[in-house]
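Scope of the values below: all heavy atoms of this structure, side chains included, with no hydrogens, waters or symmetry mates.
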Amino acid sequence: MSRQFLLHELKDYALILVGVILYALGVTVFMLPYGLTSGGVSGIATIVYYITGIEVQVTFVVINAILLVVAVKTLGLRFCIKTIFAVATLSFFLWLFQRVIEQPAPDGIEGTILPKLIGDEAFMAAILGSIFCGVGLAFCFENNGSTGGTDIIAAIVHKYKPISLGAVIRICDILIVSSCYFIFHDWYKVIYGFVILFAYSVTLDYCIRRHHQSVQFLIFSRNSEAIADAIIKSGHGATMLTGEGWYTHTERKIVTCIISRSFERFILRLVKDIDPYAIISMSDASQVWGNGFDPIKLSSGKEKDKRLLVVASNSEHKISAVRALLKDKYDVRSLADIGCYIDIPEKTSSIKGNALLKARFVKRYYGFDCIADDTAIECEALGGLPGVHSRNYGAMTKAERTKTSTAPSYEEWGETVSQEILDILRTHPHKVDKPDDRNDSANIATLLDDMEGATDRRARLHTVVAFIGGDFEDPYNWKTATFEGILEGTIATQPSESHHDGYFYDSIFIPNGFDKPLHELGDDAKALISQRVVAINKLKAYLDATPDSDSRKS
């Protein structure tokens, strides 16, 4: 667990605790003393308290325990652990604040009472209690937790549908507030309940909307490139527009960026430090959807039940094969389908590293859950060669083929992608016009030359399929998995003369149990024994068992 991740989690728990304290104050100081009922589980617990005298926190814990069992599979363990923390601490503070503010009952009445701290102003108590509860709940939601109850229902609906948290809670709470009449037979309590419900949900929506509100900058400067570079280095995105200064009729570069309102002053300072004479236009963007902002939760309709997956390839042969294996449950797209036309370099020291590198590249820069693979042929007599060099084996010298690889492992790349890959992304061609530099004939000829005279002709085809997915905005929570497929066989003494469309070593690789090269066996036989099919079927089993935690669905 990285230090940065640990600090991120501690911050979440600290802010959830602040929210819990505010919520508990709203209930115990402003609602219970005035006989006011809110919605949600706290409202149910309050009604039980008025009827039976059972303290609010007891009923609150029991109901939430039942709801949390249901929520674990839907919202994930991380959300539920933080919700359990919130429920436990809220129960404690509800008990603590009641003990702190309670007073002896008037003469002739046994026990204690909760004092009315603002006199007989029940309406003001309703408003203040709603504000405290709304702000407290916003703190919890914004830091991946909740206070349980109908908040869990709201979080489930908000995850899949473009409905605000406040709206979902309003719908759930109407029945709870309305039920007050059948308990107390007092319309005033019902009316006050609806006042609390309205003020509470408006406060919640305002706090969350304010937190997510963004601003759009247009920056006009003669040093626009330095400004754009500084914005990128700060972790934000920027786009350069080309314009013409009409007074001088000279070309001008305009920097535009959309950022969270909380970084507004940061951008202003950044621009001022670079060019104090720049002209800056800033406008409110009340809602922004897309990478780095709120996910788009609308369905396109016909594919709404399919999980969207990108294969890190533009090979129609490979894309078709993956679609056939994953069936109709998944919407499988190529790199070109998402606007990526680059050939992602395979720069690590293993095929597993190359597969992970390609999948992470797509996830990091395009946001989509990604499948990537790499395949090698590994010969016993050559100590596992060609291995990771299978693609360009024919272009390597004898010395290069035999020396130990100096390429970095995937782990050595860490969180960054090599400058070479980033440079390719920045040039970003808009169409595929680069011919494949792979030379199949040279690769096969070189391998057969190295194998000449070898008595041990055992070899294997080795494929690694990598998957990286999860919430695009939360890299700490990305799912990473790899799956291997291996097909054992031998190397023929010469390549088959018939045409083939598969993996380029298929013309010299004879699978165990067969007497001819792989590409001559036919598609049906290959589908049964192919190492790539084995790996993808393992991936499919994993995907079927793993819920889609991201909102990017077709």
Would W478 and R360 count as a side-chain contact (heavy atoms from CB on, under 4.5 Å) if you check the C-alpha gap in whole Å, the side-chain angles of each, and the deciding distance to 0.1 Å?
CA-CA 10 Å; W478 284 356; R360 187 173 186 83; 3.6 Å; yes

What I'd like to find out is whether the side chain of [X] reaches to under 4.5 Å of the side chain of [Y], using heavy atoms alone.
| X | Y | value |
| --- | --- | --- |
| V465 | I371 | yes |
| L461 | D506 | yes |
| I259 | S214 | no |
| I219 | T256 | no |
| F217 | V255 | no |
| L356 | T480 | yes |
| Y393 | D450 | yes |
| F514 | I529 | yes |

Just wondering, are more than 12 heavy atoms of other shown residues or ligands nearer than 6.0 Å to CD in E225?
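Incorrect, the count does not exceed 12.
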
Any donor-acceptor pair under 3.5 Å linking the side-chain atoms of [Y] with those of [X]?
| X | Y | result |
| --- | --- | --- |
| S315 | H317 | no |
| T463 | D373 | no |
| D337 | S334 | yes |
| S496 | K516 | no |
| H462 | Q531 | no |

Enter the distance from [X]:[atom1] to [Y]:[atom2] here, rounded to the nearest 0.5 Å.
| X | Y | atom1 | atom2 | result |
| --- | --- | --- | --- | --- |
| C340 | Y366 | SG | OH | 3.5 Å |
| K352 | L357 | NZ | CG | 14.0 Å |
| I351 | E484 | CD1 | CD | 7.0 Å |
| S313 | K318 | OG | NZ | 4.5 Å |

Side chain [X], main chain [Y], donor-acceptor under 3.5 Å:
| X | Y | value |
| --- | --- | --- |
| E400 | T397 | yes |
| D449 | A445 | no |
| R460 | I486 | no |
| S224 | I254 | no |
| S530 | A527 | no |
| N443 | G394 | yes |
| K363 | G470 | yes |
| R364 | A359 | no |

For [Y], is there an ion pair with [X] - N to carboxylate O distance below 4.0 angstrom?
| X | Y | value |
| --- | --- | --- |
| K479 | D369 | no |
| D524 | K526 | no |
| K358 | E346 | yes |
| K540 | D544 | yes |
| D374 | R391 | no |

In terms of ring plane angle, is the pair F483 and Y542 parallel, tilted or perpendicular, where the classes change at 30° and 60°?
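Judged by the thresholds at 30° and 60°, the geometry between F483 and Y542 is tilted.
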
Measure the acute angle between the ring planes of F263 and F266, then classify it against the limits of 30° and 60° as parallel, tilted or perpendicular.
perpendicular

Identify the two heavy atoms, one from [X] and one from [Y], that lie closest to each other, and give their separation to 0.1 Å.
| X | Y | answer |
| --- | --- | --- |
| A86 | V20 | O-CG2, 3.7 Å |
| Y330 | L309 | CD2-CD1, 3.5 Å |
| I232 | A238 | CD1-N, 3.7 Å |
| L448 | P495 | CD1-CD, 3.5 Å |
| T348 | V388 | O-CG2, 3.9 Å |
| I16 | C140 | O-SG, 3.9 Å |

side-chain contact (heavy atoms from CB on, under 4.5 Å) between V215 and I258, worked out
CA-CA 6 Å; V215 291; I258 301 175; over 6 Å; no

Do M451 and C379 pass the side-chain contact (heavy atoms from CB on, under 4.5 Å) test, and can you show the C-alpha distance, the side-chain angles, and the key distance before you say yes or no?
CA-CA 9 Å; M451 289 286 292; C379 302; 4.1 Å; yes

Where do I510 and D515 land on the side-chain contact (heavy atoms from CB on, under 4.5 Å) test, with the steps shown first?
CA-CA 7 Å; I510 303 174; D515 58 1; 5.7 Å; no

